[in-house]
Enquirer: 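Following this message is one structure expressed as structure tokens.
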There are 2 protein chains.
Amino acid sequence: MGKEEHPNISVDCVIFGFDFEKLNVILIERKLIEPDTGKRLINDYTLPGAHIFKDEPLKKAAQRILYDLTGLHDIYLEQFYTVGDPARLKNPVDQFWLECIGKDPAEHVVSVCYFSLLNCNQVTIQHKERNPRWYPLKDLPVLAFDHAHILDKAMTALRRKLQYEPIGFEMLPDKFTLSQLQKLYEVVFDTTIDKRNFRKKIARLKYLVQLDEKQQGVSHKPARYYIFSNEEYKKTRNNILNFTI
Amino acid sequence: MGKEEHPNISVDCVIFGFDFEKLNVILIERKLIEPDTGKRLINDYTLPGAHIFKDEPLKKAAQRILYDLTGLHDIYLEQFYTVGDPARLKNPVDQFWLECIGKDPAEHVVSVCYFSLLNCNQVTIQHKERNPRWYPLKDLPVLAFDHAHILDKAMTALRRKLQYEPIGFEMLPDKFTLSQLQKLYEVVFDTTIDKRNFRKKIARLKYLVQLDEKQQGVSHKPARYYIFSNEEYKKTRNNILNFTI
DNA sequence: TAACATAGTGTTAGTTCTACACTTAACTAT
DNA sequence: ATAGTTAAGTGTAGAACTAACACTATGTTA
């Protein structure tokens, strides 16, 4: 018991990655092989996801599945949406694919979706079997199933999260510069922010703590590093940043 | 097909009701009858919820289950959370109850949760079999399962919703007075708001349209009615009211 | 017609928001 | 060494918004 897959419940993970320049998302390959010839019939991409085990808590399943497919572990995952329309896997391509991988194409699969936001540079994707890697959100390949829809919902959830929990604090690098933080908001909200106004705004936030440390090896004036103070945050979590979408 | 219950997937509905005075929530009775004597062993309360049918879309299932248990139909329901820890129904009372009603107590039941906010006075609860009715949020009876936890999550979701979608517009009575609207915010956020400031704030919102109609039969100066204009709302959905929690 | 109850209205001081341009500090190339 | 390059870092003024505050208006009821 415990290792048998639940036929009706799956988990999908939308892992956003910020590389100080743009937003990316982890996708893995879906290879649809023609059974007889071994020819690749379709080669689209999916979010990392799989069926949970029977009697596995959803949160643990999400962690396990993300690890199995990408090698990422101990990632903060936030549940944001559950898709459960039986029609969602009923198009011919998906039906054929389900048969190929030995799943019952008639099953109604409810998928519980989680998202996270990571620093691409602080994280290493491993477990290359299905070739997981970062794809820029602005330049995505074709997505399988209803994963474009899930990704859309995830983006909305991410924006809301960054609005009411100002920094995406579980999700930030240990230390960061204010320009990097500003860029994060800019790419998530797809906007530009005035540097001085941004700094004034977050100067009010007590839980952003300036370090003495500076950037090194950059060919310009080095920026000061900041850290996020969880203790201070708990005291003042009522302050809501209001970057209008 | 279609009418067989799915053993692993259920839906729970948190229906908030505003009566111009306080927030309420619909609960139904869980009667635990001792099989031999017919004696009532425990009498706690649950959110309206049930298993979905196989091959039933989640959203439709939520609508159906809410109708079956309370008689409410065509209610806007917003999905906010999915609970899926196998331990959630594993305490002795719930296990015994599951046996009594003929369900397999070993099953891992994932529950997809929806909430709504209604005007108590504009809605009639029917289907009295399990005695559904409004209970004041501030004075709740004992809740079965993990329903207190779900209710807590629902309250958070409701507050967020009222923050970024200023009026809970799917959820309002057709016409309302500004005092009623203010009271709604006051009870949801458990705070008091200055009348003049509140009115100034929402006077900016183009999608609140004043009617010529006034209250009738009240023993004081009658208030003007307002309606919510969906068309105007779509134009200006970027304005975010900021009632700090 | 007086008492009651809730509706409805303005001002001021403090805070936040927006728009906008120059100097600084490190490195790089000559 | 020196000039050029790059991004860091900084202030101000006008507009908009927020918070705190008390009285008048309009209907009903006794």
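Chain letters run A, B, ... following the sequence lines, proteins first, then strands; residues in each count from 1.
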Enquirer: Does Arg224(A) reach a base, just sugar-phosphate, or nothing at all? Heavy atoms under 4.0 Å.
Expert: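 Sugar-phosphate only.
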Enquirer: Below the 4.0 Å mark, does dG27(D) have OP1 or OP2 next to a side-chain nitrogen or oxygen of Lys214(B)?
Expert: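 So the side-chain polar atoms of Lys214(B) do come within 4.0 Å of the phosphate oxygens OP1 or OP2 of dG27(D), strictly under.
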Enquirer: Between Asp194(A) and Gly217(A), who's closer to the 5' end of DNA chain C by nearest nucleotide?
Expert: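 Its nearest nucleotide being more 5', the pick is Asp194(A).
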Enquirer: Closest approach to the side chain of Pro222(A), judged atom by atom: which nucleotide of dA26(C), dG11(D), dG10(C) is it?
Expert: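 Of the options given, the side chain of Pro222(A) lies nearest dA26(C).
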Enquirer: With a 6.0 Å cut-off (strictly less than), is the heavy-atom count around NZ of Lys22(B), excluding the residue itself, greater than 12?
Expert: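 Yes - once you tally the heavy atoms of other residues, nucleotides and ligands closer than 6.0 Å, there are more than 12.
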Enquirer: Looking at the side chain of Ser219(A), which of dC20(C), dT28(C), dG10(C) is the nearest nucleotide?
Expert: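 In terms of side-chain proximity for Ser219(A), the closest of dC20(C), dT28(C), dG10(C) is dT28(C).
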Enquirer: Indicate whether any N or O donor in one side chain lies under 3.5 Å from an N or O acceptor in the other, for Tyr225(A) and Glu213(A).
Expert: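 The criterion, which ignores hydrogens and geometry beyond distance, is not satisfied for Glu213(A) and Tyr225(A).
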Enquirer: Of the candidate nucleotides dT6(D), dG11(D), dT9(C), which contains the atom at the shortest distance from the side chain of His220(A)?
Expert: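 Output: dT6(D).
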Enquirer: dA8(D), OP1 or OP2 - any side-chain N/O from Ser179(A) closer than 4.0 Å?
Expert: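 Result: yes.
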Enquirer: Could you state the atom-to-atom distance from CZ of Phe20(A) to C1' of dT6(D) in whole Å?
Expert: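 Checked: the CZ to C1' distance equals 18 Å.
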Enquirer: For a quick check of understanding: with a heavy-atom distance under 4.0 Å over all strands, which category does Lys200(B) fall into, base, sugar-phosphate or nothing?
Expert: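 Since a base atom lies under 4.0 Å of Lys200(B), the category is base.
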Enquirer: In terms of side-chain heavy atoms of Lys195(B), which of dA7(C), dG27(D), dG9(D) is nearest?
Expert: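 Comparing dA7(C), dG27(D), dG9(D) against the side chain of Lys195(B), the answer is dA7(C).
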Enquirer: Rounding to an integer number of Å, can you tell me how far Arg204(B) CZ sits from dC17(C) C1'?
Expert: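 It is 13 Å, rounded to the nearest whole Å.
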Enquirer: Would you indicate which nucleotide in dC17(C), dC17(D), dA22(D) comes nearest to any side-chain atom of Arg196(B)?
Expert: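 That would be dA22(D).
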Enquirer: From CD1 of Ile193(A) over to P of dC20(C), roughly how many Å is that when rounded to an integer?
Expert: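 Distance, rounded to whole Å: 16 Å.
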Enquirer: Hey, is the side chain of Lys221(B) pairing donor to acceptor with the base of dT24(D) inside 3.5 Å?
Expert: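 No, the side chain and the base share no sub-3.5 Å donor-acceptor pair.
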Enquirer: For Tyr233(B) and Glu231(B), which I'm curious about, is there any donor-acceptor pair between the side chains at under 3.5 Å?
Expert: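 Side chains of Tyr233(B) and Glu231(B): no pair found under 3.5 Å.
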Enquirer: Would you say the side chain of Arg199(B) and the base of dA7(C) hold a donor-acceptor pair, judged only by whether the two atoms sit under 3.5 Å apart?
Expert: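 Not at all, since no donor on one side and acceptor on the other fall under 3.5 Å apart.
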Enquirer: In this structure, how many angstroms lie between the C1' atom of dA8(D) and the CD atom of Glu213(A), rounded?
Expert: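 Rounding to the nearest Å, CD of Glu213(A) and C1' of dA8(D) are 16 Å apart.
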Enquirer: For Asp19(B) and Asn121(B), test the side chains for any donor-to-acceptor distance below 3.5 angstrom and give the result as yes or no.
Expert: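 Side chains of Asp19(B) and Asn121(B): no pair found under 3.5 Å.
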Enquirer: In whole angstrom, give the distance that lies between atom NZ of Lys201(A) and atom P of dT10(D).
Expert: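 Lys201(A) atom NZ is separated from dT10(D) atom P by 19 Å.
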Enquirer: Nearest whole Å is fine: how far is dA7(D) P from Glu21(A) CD?
Expert: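 Rounded to whole Å, this separation is 11 Å.
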Enquirer: Could you give the CG-to-P distance, from Leu181(A) to dA7(D), as a whole number of Å?
Expert: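 In whole Å, dA7(D) P and Leu181(A) CG are 18 Å from each other.
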Enquirer: To the nearest 0.5 Å, tell me how far Lys183(A) NZ sits from Thr192(A) OG1.
Expert: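 If we round to the nearest 0.5 Å, Lys183(A):NZ and Thr192(A):OG1 are 9.5 Å apart.
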Enquirer: Over how many whole Å does the gap from Asn197(B) atom CG to dT15(C) atom P extend?
Expert: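 For the pair Asn197(B) CG and dT15(C) P, the rounded distance is 16 Å.
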